[in-house]
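Encoded as structure tokens, here's the structure I'll be asking about.
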Amino acid sequence: MAEPRFDIRKDSDSTWEIFDTTTGRTVFIGGKPYIDLPLDSADTLADFMNSVGVVPDKDTLH
């Protein structure tokens with residue numbers, strides 16, 4: 001089974017971000033960085049993004 005494209009990591013003491021596992025960069029979609037999220041929201045969003053094959057903004061890919 002392939003590694004998931006998106007995962008989460010802490011970005012402060014109490015918030016999380018979604019990052020692209022292929023680049024290590026924070027995910028941007030529609031110009032919005034996926035940062036400062038509560039753990040449950042970040043986890044749910046990353047799972048959803050992996051299940052539907054979301055394509056992040058180009059800034060995420062470099």
Side-chain angles (χ1 to χ4, degrees):
M1 191 165 152
E3 273 293 306
R5 171 79 186 263
F6 305 104
D7 205 350
I8 63 172
R9 62 184 170 205
K10 280 191 130 184
D11 63 3
S12 75
D13 286 338
S14 60
T15 61
W16 296 75
E17 69 177 2
I18 300 173
F19 73 99
D20 186 328
T21 61
T22 61
T23 64
R25 293 181 181 263
T26 302
V27 170
F28 282 74
I29 298 175
K32 177 186 184 277
Y34 279 66
I35 59 173
D36 296 325
L37 301 166
L39 175 59
D40 290 346
S41 296
D43 195 38
T44 299
L45 280 168
D47 288 345
F48 173 75
M49 292 164 64
N50 283 313
S51 72
V52 299
V54 168
V55 177
D57 290 358
K58 289 181 183 178
D59 291 343
T60 304
L61 303 176
H62 304 179

Go through the steps to decide whether Glu3 and Asn50 satisfy the test side-chain contact (heavy atoms from CB on, under 4.5 Å), and finish with yes or no.
-> CA-CA 10 Å; Glu3 273 293 306; Asn50 283 313; over 6 Å; no
Taking a hydrophobic cluster as the set of Ile, Leu, Val, Met, Phe, Trp and Tyr residues connected by side-chain heavy atoms closer than 4.5 Å, whether directly or through intermediates, do Phe28 and Trp16 fall within one such cluster?
-> no
Distance (rounded to the nearest 0.5 Å) between Leu45 CG and Phe6 CZ | 11.0 Å
From Phe19 CZ over to Ile35 CD1, what is the distance, rounded to the nearest 0.5 angstrom?
-> 15.0 Å
Group every Ile, Leu, Val, Met, Phe, Trp and Tyr by side-chain heavy-atom contacts under 4.5 Å, then state whether Val55 and Phe48 land in the same group.
-> no
Measuring from Ile8:CD1 to Met49:CE, what's the distance to the nearest 0.5 Å?
-> 11.5 Å
Gap between atom OG of Ser14 and atom CG of Leu37 - 0.5 Å precision | 11.0 Å
Of the non-hydrogen atoms in Asp11 and Glu17, which two are nearest, and what is the gap between them?
-> OD2-CB, 3.7 Å
Only residue of Asp47, Asp20, Thr21, Asp43 satisfying side chain to side chain contact (heavy atoms under 4.5 Å, CB included) with Asp7 is Thr21
What are the two closest heavy atoms between Pro56 and Val27, and how far apart are they?
-> CB-CG1, 4.1 Å
If every non-hydrogen atom of Ile18 is compared with every non-hydrogen atom of Ala46, which pair is closest and at what distance?
-> CD1-N, 3.9 Å
